[in-house]
Amino acid sequence: MKIKTNYHSHNTFCDGKSTMEEMVLAAIDKQFTHFGISSHAPMPQNPYFALKNEEFSAYNQEFLRLKDKYKNKIRLYLGLEMDFVSGFVESIKTKAQNEYKLDYFIGSVHQVANPEFEIKSINDIYNTWFIDGSKQETYDEGLKMIFDGDIRKAVECFYTSQMEMIKQNRPDVLGHADKIVMHNQNRYFTEQETWYKDLVVALWDTVIQYNTIVEVNTRGIYRKRHNDFYPSSYWVKYLVQKNVPLIISTDCHKKEEVDLCYKDALDFLKIAGCKQLFYFENEWKQEKIENFE
């Protein structure tokens, strides 16, 4: 059995540039056997990058249409990339299972809260450090405004948020675990610093405790915003040694990106000694890595 999987994809229902059907057709063209639809989930403040709550029904209906239309060509699964913001009381796990009835969901942290600022309302959620996006200036300004430039405290909050998310919400997949480094570019800290490594190891300890799947995300490489995977090659080797469940994701936002650097990640995992990868087929399963293509 040869399989090719990608469960992290975006489309025009959120900040993607291609329609859901265009993404599915591209996945078929690139010979994916399993493909997940995972737009950014609705959030109370309706950020520009997320699916609007009132559009979820249309999102779900379009997914079901495509799942039936292409059922003889590809296995499609319904997911969402769900944001977790520490201090903002909302169970993304409950929403995933009860409201959205997803096949799976990716848990990610894009916004980092300072615990000194209590989030009491939806408007307060804007008082967070946005670590993603295309502009390094947003990263720099947020660090200064939310954390008074204290990079160590800010990074600690980023990793603590991910650990809190895993403990509280048990996401199927942890999204781009060390994306905090993307806009850093070794300016505020280096990934070799002991305090930083200790934080990442603490995250992996939580991942192992809760048996969370970690994605090897290729987007930083092909977008030329980072020179490595998320998490970095160093940490991928660590996860392989610890037998942490892994998948490969391209985090694609347009049809041309559905398999970019996918083979690079697969080849690297083989060299790193990875023996099995996980895939979703109504439930999470594992398969020998040589059966992935």
Side-chain angles (χ1 to χ4, degrees), residues 3-43 47-52 55-56 58-71 73-83 92 96 100 102-108 110 132-134 171-177 179 213-223 225 229-230 246-266 277-282 284 292-293:
I3 59 178
K4 186 176 181 180
T5 70
N6 186 5
Y7 299 102
H8 194 159
S9 72
H10 298 277
N11 55 72
T12 50
F13 275 96
C14 59
D15 62 345
K17 305 303 180 185
S18 300
T19 67
M20 193 185 296
E21 185 159 19
E22 287 173 335
M23 298 298 278
V24 170
L25 288 171
I28 293 170
D29 181 62
K30 296 297 183 180
Q31 299 183 321
F32 281 92
T33 57
H34 301 66
F35 193 70
I37 307 297
S38 61
S39 284
H40 290 286
M43 296 180 72
Y48 73 91
F49 57 81
L51 173 69
K52 300 293 184 288
E55 293 179 352
F56 178 78
Y59 174 80
N60 186 43
Q61 289 174 12
E62 177 65 355
F63 166 79
L64 292 173
R65 183 184 75 84
L66 297 175
K67 182 178 181 180
D68 180 67
K69 182 175 180 179
Y70 297 108
K71 61 185 177 184
K73 296 183 177 181
I74 195 169
R75 296 176 187 267
L76 297 179
Y77 296 98
L78 181 65
L80 285 170
E81 182 180 12
M82 304 189 75
D83 273 69
I92 59 177
Y100 299 135
L102 305 175
D103 292 315
Y104 70 96
F105 78 100
I106 301 166
S108 297
H110 299 92
D132 204 346
S134 61
D172 297 275
V173 178
L174 175 62
H176 43 64
K179 202 169 190 181
I213 297 168
V214 176
E215 67 168 7
V216 179
N217 185 308
T218 68
R219 183 166 178 78
I221 297 174
Y222 67 76
R223 290 288 291 166
R225 291 179 183 164
F229 307 114
Y230 306 119
L246 300 172
I247 60 173
I248 299 172
S249 298
T250 69
D251 195 353
C252 45
H253 283 62
K254 54 186 178 180
K255 61 185 181 180
E256 294 84 2
E257 298 173 347
V258 293
D259 76 337
L260 290 185
C261 297
Y262 176 96
K263 190 174 185 305
D264 295 326
L266 184 61
L277 289 175
F278 274 65
Y279 70 103
F280 188 84
E281 192 173 280
N282 301 317
W284 289 104
F292 283 78
E293 59 181 0

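As the structure is a computational prediction, the values presented were derived from the model and not from experiment.
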**Study point:** Side-chain H-bond candidate by donor/acceptor type, His176 with Asn217, under 3.5 Å
**Key:**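 Absent: no donor and acceptor within the cut-off.
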
Review point. Is there a side-chain contact (heavy atoms from CB on, under 4.5 Å) between Val173 and Trp284 once you walk through the steps?
Key: CA-CA 10 Å; Val173 178; Trp284 289 104; 3.9 Å; yes

A side-chain contact here means heavy atoms from C-beta on lying under 4.5 Å apart; do [X] and [Y] qualify?
X	Y	value
Tyr262	Phe292	yes
Phe229	Ile221	yes
Asp68	Leu64	no
Met82	Leu102	yes

With rounding to the nearest 0.5 angstrom, report the [atom1] to [atom2] distance, [X] to [Y].
X	Y	atom1	atom2	value
Ser18	Asn11	OG	CG	9.0 Å
Lys30	Leu260	NZ	CG	8.0 Å
Leu174	Tyr230	CG	OH	14.0 Å
Asp251	Thr218	CG	OG1	7.5 Å
Leu277	Thr5	CG	OG1	7.0 Å
Thr33	Ile74	OG1	CD1	7.0 Å

Point to revise | Atom NZ of Lys52: over 12 foreign heavy atoms under 6.0 Å | key: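 More than 12 heavy atoms, drawn from other residues, nucleotides or ligands, come within 6.0 Å of this atom.
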
Practice item. Answer yes or no: are there more than 12 heavy-atom neighbours, outside Gln31 itself, under 6.0 Å from its atom CD? Key: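 No, because the 6.0 Å sphere around CD of Gln31 holds 12 heavy atoms or fewer from other groups.
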
Can a donor-acceptor pair be found, under 3.5 Å and without considering hydrogens, that links the side chain of [X] to the backbone of [Y]?
X	Y	result
Tyr7	Tyr104	no
Thr250	Cys261	no
Glu55	Leu51	no
Ser38	Ser9	yes

Identify the two heavy atoms, one from [X] and one from [Y], that lie closest to each other, and give their separation to 0.1 Å.
X	Y	result
Cys14	Ala50	CB-C, 4.1 Å
Leu80	Pro42	CD1-CD, 4.4 Å
Leu66	Met20	CD1-CG, 3.6 Å
His10	Ser39	ND1-CA, 3.8 Å
Val216	Ala265	CG1-CB, 4.2 Å
Gly133	Arg225	O-NH1, 4.0 Å

Practice item. Just grab all the salt bridge (charged side-chain N to carboxylate O under 4.0 Å, His left out) pairs involving residues 4-19, residues at least two apart or on different chains. Key: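 Pairs touching residues 4-19 that pass the test: Lys4-Asp259.
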
Point to revise | Set of residues satisfying side-chain contact (heavy atoms from CB on, under 4.5 Å) with respect to Asp103, sequence neighbours excluded | key: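 With neighbours one apart ignored, the set is Phe63, Tyr77, Leu78, Phe280.
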
Exercise for review: For side-chain contact (heavy atoms from CB on, under 4.5 Å), just list the numbers for Ile37 and Val24, CA-CA rounded to whole Å, side-chain angles, deciding distance to a tenth of an Å, and then say yes or no.
Suggested key: CA-CA 9 Å; Ile37 307 297; Val24 170; 4.1 Å; yes

Practice item. Applying side-chain hydrogen bond (donor to acceptor under 3.5 Å, both in side chains) between Ser249 and each of Glu81, Arg219, Glu215, report the one that passes. Key: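 Exactly one candidate clears the test, Glu215.
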
**Study point:** With sequence neighbours excluded, residues passing salt bridge (charged side-chain N to carboxylate O under 4.0 Å, His left out) with Asp132
**Key:**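 Residues passing salt bridge (charged side-chain N to carboxylate O under 4.0 Å, His left out) with Asp132: Lys179.
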
Practice item. Can you label the angle between the His40 ring and the Phe49 ring as parallel, tilted or perpendicular, going by 30° and 60°? Key: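 If you compare the ring of His40 with that of Phe49, the planes turn out perpendicular.
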
Practice item. Kindly state whether the ring of Phe35 and the ring of Tyr70 have centres lying under 6.0 angstrom apart. Key: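 Aromatic pair excluded; centres sit 6.0 Å or further apart.
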
